[in-house]
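Working notes, beginning with the structure itself.
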Amino acid sequence: MLANEQVVDGRCWRCDTPVERREIPQWFLRITAYADELLAGLDRLPGWPERVLTMQRNWIGRSEGAEIQFAVDGREPLRVFTTRADTLMGVTYLAIAAEHPLALAAAASRPDLARFVEESRIAQTAEAALESMDKRGVDTGLCARHPLTGEPIPVFAANFVLMAYGEGAVMAVPAHDERDHAFARRYGLPMRVVVVPDGYAGTPADLVREAAYTEPGLLVQSGEFDGLPSAVARERIIAALAARGAGAPRTHYRLRDWGVSRQRYWGAPIPIINCARCGAVPVPDADLPVVLPEDVVPTASGSPLKLRPDFLAVTCPCCGQAAQRETDTFDTFMESSWYYARYCSKDNQQAMLDERAAYWLPVDQYIGGIEHAILHLLYARFFNRLLRDEGLVAADEPFTRLLTQGMVLKDGSKMSKSKGNTVDPQEIVSTYGADTARLFMMFAAPPEQSLEWSDKAVAGAHRFLARLWALGRAVGALERHGEAQGAGRTVRREIHKLVDQAVRDYERYHFNTVIASCMSLVNVLQKTAEEAAAEPSAGPLVWEGFSILLRLLAPIVPHITHALWRDLGMGEGPIIDAPWPAADPAALRQDEITIVVQVNGRRRSEITVPASATSADVEAAALADAGVQRHLDGQPPRKVVVVPGRLINIVR
RNA sequence: GCGAAAGUGGCGGAAUUGGUAGACGCGCUGGAUUUAGGUUCCAGUGGGGUAACCCGUGGGGGUUCGAGUCCCCCCCUUCGCACCA
């Protein structure tokens, strides 16, 4: 029993044994019953990254179309799903999975088909493999009937149709589908053009000589539907099928049910008892949880639980007769789908969850790698709804905000134990302290991006903290009380601009630029503190700025900021209880602003104008500028674009 | 193959909304301090050019007064593709 990733070139990755697929009974959770709700719920997750929402939408893959029945001579009818009912009159063959009951039956009398079915058992089924492999097929000899015309249609067994997907059968329209087109060319199957672009003047056959025409258009060669646009034709054709009991509108999802069975020892046992008389019976609540035996001996193949009579043998809770315990264990995604809820009720031995879960959930901020964008996060959203429907939690969604953090890279590749290129944060903590470790990691990149490890940059982070500490000492020696005046106003504006930027960057989780602003703040305060020797009134300004700086940095480097705050007596209590800083709007006001001057979109100069200057004032000042006049070369501007408060562009 | 992201100096990265590309830091160069190394401090640092300027955000087109940002095509890297979890 191997996982997909353990199969390399159709063989076991360890022992090279050829691998084949076998059908075994397994347990599934019907996530598809929640497909619509899971899809709709994505619109109510503004705190999730757009790309994760998009990936989940595509994964669920809702599509509207029709289910169509094709009668098969002497057999059960075939059912297919299509989104292109408008191309129904262009169907020239049907393709079914090699494992399809009809294919298996037909193989009995057709050796080439039997061989194909046999070969397909060793084929890979991973979607990636399926989509990139050579599309092949074999005629089953079966004859299907077109549901509207009754024309005979050949049925092929094809390696790109899987029994597990949809109905295990598809209708093929080579003129209007790329894959069908390639397949038809390969096997010399006919093509029938039934849709052409509006105003198309050529012959139908010419339209698809090189490639399929996959766009919608107007119907041709489709009898009573000729001339209809695709969208209308779809409805009419589905209606015509419905009238004959051969089809109906249907919504299809790409999402498949969640296979939770694993034929392994390690995992939570699936709590089911298999009884010869009563079938699959749930383990009674009183007997839960089912506990794994801890003294199993690993076997070469198959679950070791199958060799444990003490685990296997149970009496059926329904009929009291001897029965067997299920030996499949759960996919580990099962547990990761609700651990966040269990954390709220971790010590409850009587129930999964209690009212504390309802109180705390949903999780305000969830953090995980982008590799979990689809499976884990979709399973957890599904599981949360199961919990909700059982009355165990109140909210629909488990995670209000989601941050997908990047990986840590070293020398350009993923840091991992198996590669042996890990860095122990404890080393940094021992050498430089925890604040340095935290500062470096937050400064290297925004959290959702991957982070490139650099020992040099770690040292740089430590250097910054040393400067911060030295600045703190200098601040302590300055006059604390009084009011900033004179040149202090410009400095104060500079400080509050940085504060404004930092606070906003915190809100969008750009911690690296928060730190950049704080570094600039240190630079400004350091310079101002030096100047305070000559200009004592600068003291209070430095105190103000340093107080804000410490509070901005406290979430990132809590230890050093705590100590400086306490030593300087910055506030009544510890820094952790201090109010969150905000920029003073009064400090941000400017009397004069600098406007960038462009000529033909290139920066040529800049001018300083009163903040109250109108567009006309700005234009006049810009045109008078020497640099502008040189570039205008005496000619009048053809056009002038003024972006208020920012720039002016003069086009000559 | 399909879906989703990313590509900016020597390096990590910055650029709220289409409006000064390269903030901040690392590294490097020069200088000061030091017996020396390290530390610290000062100055410089995208490329070309004496300069005026020109060129520059993976490549090629396009829209626009103006494009790293929007549109089309291509290249490359990463993540996911349902049994790795």
Side-chain angles (χ1 to χ4, degrees), chain A residues 1-7 26 31 49-59 61 125-133 135 160 164 178-179 254-264 331-333 335-336 369-376 378-379 404 406-407 409 412-414 439-440 443-446 448-461 463-464 466-467 470 501 504-505 507-508 510 512-520 522-523 594-606 630-631 637-643 645-652:
Chain A
M1 184 69 206
L2 297 176
N4 277 340
E5 69 156 9
Q6 296 170 324
V7 181
Q26 300 205 85
I31 191 172
E50 196 53 48
R51 66 163 153 160
V52 174
L53 300 177
T54 306
M55 282 192 261
Q56 292 216 347
R57 263 181 213 115
N58 292 339
W59 185 259
T125 55
E127 202 177 53
L130 210 64
E131 292 288 328
S132 48
M133 75 188 171
K135 309 293 186 292
F160 57 85
E178 277 312 332
R179 188 177 62 186
R254 206 186 78 94
L255 179 69
R256 307 200 300 266
D257 279 327
W258 176 14
V260 293
S261 275
R262 296 292 181 270
Q263 293 71 43
R264 297 192 224 291
D331 178 3
T332 55
F333 273 133
E335 291 82 49
S336 62
I370 186 66
E371 70 272 22
H372 293 302
I374 296 174
L375 293 183
H376 163 59
L378 191 63
Y379 291 148
T404 51
M407 306 176 287
L409 307 177
S413 71
K414 189 173 169 178
L439 181 67
F440 162 69
F443 184 53
E448 65 275 11
Q449 275 180 40
S450 57
L451 181 158
E452 182 68 38
W453 193 266
S454 158
D455 294 334
K456 291 247 175 71
V458 172
R463 199 149 54 221
F464 170 71
R467 289 183 64 200
Q501 188 63 52
R504 263 191 301 205
D505 284 347
E507 282 159 12
R508 38 177 208 147
H510 284 211
N512 58 329
T513 54
V514 167
I515 295 167
S517 289
C518 288
M519 286 173 167
S520 299
V522 166
N523 293 341
T594 303
I595 303 280
V596 167
V597 183
Q598 296 183 334
V599 178
N600 289 339
R602 288 170 189 278
R603 182 185 187 283
R604 293 301 181 189
S605 183
E606 58 180 43
R630 187 171 68 240
H631 283 96
R638 278 200 294 140
K639 183 174 181 177
V640 176
V641 181
V642 178
V643 182
R646 298 195 79 120
L647 65 68
I648 174 168
N649 187 17
I650 298 160
V651 187
R652 57 163 278 194

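These figures come from a predicted structure and were not determined experimentally. Throughout, a chain's letter reflects where its sequence line sits, starting with A, and its residues are numbered from 1.
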Discussion item. If I take atom CG in residue A:Asn600 and atom P in nucleotide B:rG66, what distance separates them, rounded to the nearest angstrom?
Written reply: 8 Å
Discussion item. Mind checking if A:Gly259 touches a base, just sugar-phosphate, or nothing, with heavy atoms under 4.0 Å?
Written reply: sugar-phosphate
Discussion item. Nearest heavy atom decides the nucleotide; on that basis, is A:Met519 or A:Gln449 closer to the 5' end of RNA chain B?
Written reply: A:Gln449
Fill in: B:rA6 and B:rC79, which share atom name P, separated by this distance in whole Å
15 Å
Worksheet item: For B:rG27, does either OP1 or OP2 sit under 4.0 Å from a side-chain N or O belonging to A:Lys456?
Response: no
Discussion item. Using the C1' atom as the point on both nucleotides, what is the distance between B:rG61 and B:rG49, in whole Å?
Written reply: 30 Å
Worksheet item: Does B:rG59 sit syn or anti, given that only angles within 90° of 0 count as syn?
Response: anti
Discussion item. When you measure only distances, ignoring hydrogens and angles, does the side chain of A:Asn4 come within 3.5 Å of the base of B:rC83 through a donor and an acceptor?
Written reply: no
Worksheet item: B:rU16 and B:rG7: how far apart are their P atoms, nearest whole angstrom?
Response: 13 Å
Fill in: Secondary-structure string, 5' to 3', Watson-Crick or G-U under 3.5 Å, | for another-strand partners, for RNA chain B
(((((.(..(((......[....)))((((((.......))))))(((....)))..(((((..]....)))))).)))))....
Practice prompt. Please state the C1' separation for the pair B:rC81 and B:rC74 - nearest whole angstrom.
Written response: 24 Å
Worksheet item: Across the strands shown, which category fits A:Gln26 at heavy-atom distances under 4.0 angstrom: base, sugar-phosphate, nothing?
Response: base
Any N/O pairs under 3.5 Å between the protein and nucleotides 6-12 of chain B? List them or say none.
from	atom 1	to	atom 2	distance (Å)
B:rG12	O2'	A:Ala444	O	2.9

Fill in: Contact letters for nucleotides 39-54 of chain B, in which S counts primed atoms plus P, OP1 and OP2 and B counts the base, heavy atoms under 4.0 Å
-SS----------SSS
Practice prompt. Would you please classify the geometry between the A:His372 ring and the A:Phe333 ring as parallel, tilted or perpendicular, with 30° and 60° separating the classes?
Written response: perpendicular
Item to complete: Look at all strands and tell whether A:Arg262 reaches a base, only sugar-phosphate, or nothing, counting heavy atoms closer than 4.0 Å.
Response: base
Item to complete: Using the P atom on both, measure B:rC11 against B:rG58 and round to a whole Å.
Response: 13 Å
Practice prompt. Report the nucleotide, chosen from B:rC81, B:rA4, B:rC83, that has the shortest atom-to-atom distance to any side-chain atom of A:Leu375.
Written response: B:rC81
Item to complete: Indicate, yes or no, whether a donor-acceptor pair under 3.5 Å links the base of B:rC83 to the side chain of A:Gln263.
Response: yes
Discussion item. Looking at the base of B:rC83, is there any donor atom on it, or on the side chain of A:Arg264, that sits under 3.5 Å from an acceptor on the other one?
Written reply: yes
Discussion item. If you assign each of A:His372 and A:Asn58 to its closest nucleotide in RNA chain B, which residue comes earlier from the 5' end?
Written reply: A:Asn58
Worksheet item: So does A:Arg254 pair up with A:Glu127, basic N to acidic O under 4.0 Å?
Response: yes
Worksheet item: How far does the P atom of B:rU29 sit from the matching atom of B:rG66, given to the nearest Å?
Response: 42 Å
Fill in: C1'-based separation of B:rC83 from B:rC72 [nearest Å]
40 Å
Discussion item. Taking only the P atom of each, what is the distance from B:rG9 to B:rA4 in whole angstrom?
Written reply: 27 Å
